[in-house]
Amino acid sequence: MSEISKLNSSCSELDLDRPNLEDYLPTGSIQQPHGKLRLRDLLDISPTLTEAAGAIVDDSFTRCFKSIPPEPWNWNVYLFPLWCLGVVVRYGILFPVRVLVLTIGWIIFLLCYIPVHLLLKGHDKLRKKLERCLVELICCFFVASWTGVVKYHGPRPSMRPKQVFVSNHTSMIDFIVLEQMTPFAVIMQKHPGWVGLLQSTILESVGCIWFNRSEAKDREIVTRKLREHVEGADNNPLLIFPEGTCVNNHYTVMFKKGAFELNCTVCPIAIKYNKIFVDAFWNSRKQSFTMHLLQLMTSWAVVCDVWYLEPQNLKPGETPIEFAERVRDIISVRAGLKKVPWDGYLKYSRPSPKHREQKQQSFAETVLRHLEEK
Amino acid sequence: MGNASSTLTQYDIEEVQEHCNNLFSQQEIVSLYQRFCQLDRNAKGFISADEFLSVPEFAMNPLSQRLLKMVDGLNFKEFVAFLSAFSAKASMPQKIELIFKVYDTDRNGKVTFNDILDVLRDLSGTFMSDKQREEVLSQVLQEAGYTRESSLLLDDFVKILDKPGLKMEVEVPVD
C-alpha cells in the first residue's frame with residue numbers, strides 16, 4: 001500500500017498534463033439503484049468487479065504497446081523454399097552490404113565532422129551549417145542501411161522562428177527518417193549506451209535538447225530551453241514527439257501539452273509505417289535500440305509515408321490541452337491511427353488516485369442521496 | 001512471444017478447460033493464454049501484483065487492492081479459473097460465490113458487518129464517513145431482516161443477490 005502511494009505521489013506532478021480521463025471512459029458504470037436502497041443494491045459489487053475483470057482480460061492501454069506479429073506467408077510447399085531463399089538473401093547478402101554502407105557512411109561522416117568541429121571554432125555560422133549537412137548525411141546513410149522507402153507528402157518544413165513540429169512516435173527511427181530531409185532539433189529522452197554518446201556529442205550540434213523522464217527538475221529546464229529555442233531565428237526547427245513514448249503505430253496516446261503552450265505555430269507531421277516487411281515499432285522494454293536496428297537491417301525494406309500537414313494555431317478561447325487534442329485528431333486521421341485516452345507515461349508510473357476518487361465519489365453520492373430520501 | 005499460442009497443446013487446453021468447468025471455449029483459452037503471457041512480462045509463469053497494476057484500467061478500480069489479494073501470483077490455470085466466473089456460461093451461484101469471496105477476506109465462510117463495511121470503505125473512499133457507512137449498512141440490514149450481529153453465509157448471498165438484474169459478464173476477445 002505504501003508503495004502505491006509513493007508511486008502516486010511521484011507522478012502527481014504530471015497531473016497537469018492530463019485531460020480529464022473520465023471524459024473518455026464509459027460513464028454510469030456504477031449502477032444507480034432505483035427507489036429505496038436495499039441490501040442487495042449495497043452488496044452487489046458486480047459492475048465494479050466486471051470492470052476489473054474486463055481490464056485484466058483486455059485493455060486499451062497495453063494494446064498500444066503490443067508488437068503485432070507478422071502474418072506468416074511461408075505455409076506451403078511452393079512458398080517455403082522462396083521464403084528460405086529470402087532469408088539467405090536478407091542475412092547473407094543484404095545485411096553485409098548494409099553494414100558496409102553504414103560503415104562507409106560513418107567513416108565519411110567522422111572524417112568530415114571532427115575537422116569541421118575542431119577547426120572551425122571561430123566561424124560559428126559556417127560550422128553550424130556544415131554540421132547540419134553532415135547530420136543529414138549520416139541520417140541518409142542510416143535510412144539507406146534499411147533500404148528505407150520513404151514517401152514524403154506535402155511541403156517541406158521551412159526554417160523560421162516561432163514554429164514547432166509535432167509528430168506521432170513509433171521508434172527512434174522516426175527521428176532519422178525526418179532528419180534526413182530537414183535538420184530538426186529534437187526533444188528526446190536521454191538514452192544510455194552508444195545512442196547516449198551520439199546524443200551528447202553530435203546531435204547536440206543541431207540543437208537537440210535532452211531530458212530524463214523521471215527527473216522532475218529536468219522538466220523545468222526543458223521548458224525553459226524550449227522557449228529559448230523557438231525564439232531564436234537561426235535555430236533549427238524544433239521537433240517534438242508529444243506522446244513521450246513509442247506507440248505501435250496503430251494507436252495514438254495522449255499528447256503532452258508542453259509543445260502546445262509555447263505560443264507557436266504547431267506543424268503536425270504524421271508518420272505511418274507499412275508493415276509489409278517489418279514492424280518498425282520499437283518496443284524498448286523488450287529490445288535494445290541496437291537489436292531494433294539489426295532487425296530493420298535484416299528485413300527487405302522499411303516502407304513508410306510521411307505527411308507534412310497544415311500548420312495549426314491556438315484558436316481563441318482554446319486551452320493548450322484542447323489544442324493538443326485537435327492536433328492529435330489531425331495526425332490520427334491522416335495516419336489512420338486510433339486514439340486512446342491514455343497517458344503514455346503510465347508505462348512508467350501508476351494512474352493518479354484522482355481517477356479512483358471520482359468513482360468513489362459517485363458511489364458515495366448515490367448511497368447518501370438514498371439515505372436522505374428516507 | 002508471437003508464437004505463444006503454439007506452445008499450448010490440445011492436451012494443455014483441455015486440461016485448463018476442465019479446470020474451469022468448460023466455461024471457456026478452446027479459442028478463448030488460447031486468447032487468455034496470450035494475454036497471460038503479455039501480462040507476465042518476465043515469463044515467470046505467474047502474474048505479480050505489480051504487473052496487474054501496470055494495467056491502468058485495473059489500477060484505477062476502487063476494489064483493485066482487494067482483488068489483488070485474490071489474483072496475486074496466479075499461474076495460468078488459476079488465472080483462468082478466477083476469470084471463469086465472468087464467463088457468460090457461468091451460473092448465477094458461481095458468480096455470486098466470487099462476489100462472496102471478495103467480501104470474505106479471512107475465508108472463514110462468513111461475512112460479518114465489518115467485512116461489508118470494509119468493502120463499502122473501498123467503494124466510497126473519503127466521500128463517506130465511517131459513521132455514515134455504519135448507519136446505511138445497519139439500516140439496510142435491518143430492512144432485509146438481518147441485524148448488525150448476524151453474519152451472512154454464501155446461501156444468504158445467493159438469496160439476496162440472485163435476481164435477474166445481476167449481470168457480470170466479460171467477453172474474451174477472440175481473433
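In what follows, chains are A, B, ... by sequence order, proteins preceding strands, each numbered from 1.
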* Asked: Rounded to the nearest 0.5 Å, how far apart are CG of A:D44 and CG of B:L166?
  -> 5.0 Å

* To do: Select one option (side chain, backbone, both, neither) describing which atoms of B:L152 are under 4.5 Å from chain A's heavy atoms.
  => side chain

* Where on B:A144 is there a heavy atom nearer than 4.5 Å to chain A: the side chain, the backbone, both, or neither? -> side chain

* Tell me, side chain or backbone of A:S67 under 4.5 Å from chain B's heavy atoms, or both, or neither? -> neither

* Under a 4.5 Å heavy-atom cut-off, does chain A meet the side chain of B:I160, its backbone, both or neither? -> both

* Which atoms of B:I116 come close to chain A, meaning under 4.5 Å heavy atom to heavy atom: side chain ones, backbone ones, both, or neither? -> side chain

* Asked: Taking atom CG of B:D122 and atom CD of A:Q360, what is their separation to the nearest 0.5 Å?
  -> 7.5 Å

* Structure fact -> Quick note, ring-ring contact (aromatic ring centres under 6.0 Å, His included) partners involving residues 146-175 of chain B, not counting sequence neighbours, are B:F100-B:F157, B:Y103-B:F157

* Set of side-chain contact (heavy atoms from CB on, under 4.5 Å) partners for A:K338, sequence neighbours left out -> A:Y251

* Salt-bridge present (B:R35, A:D59; N to O < 4.0 Å) -> yes

* Structure fact -> When the 4.5 angstrom heavy-atom criterion is applied to B:I99 and chain A, the contacting part is both

* To do: Please state whether the side chain, the backbone, both or neither of B:F86 comes within less than 4.5 Å of a heavy atom of chain A.
  => side chain

* Interchain contact, B:E171 with chain A, by part (heavy-atom threshold 4.5 Å) -> backbone

* Asked: Does A:K286 offer a backbone N or O that forms a donor-acceptor pair with the side chain of B:R41 under 3.5 Å?
  -> no

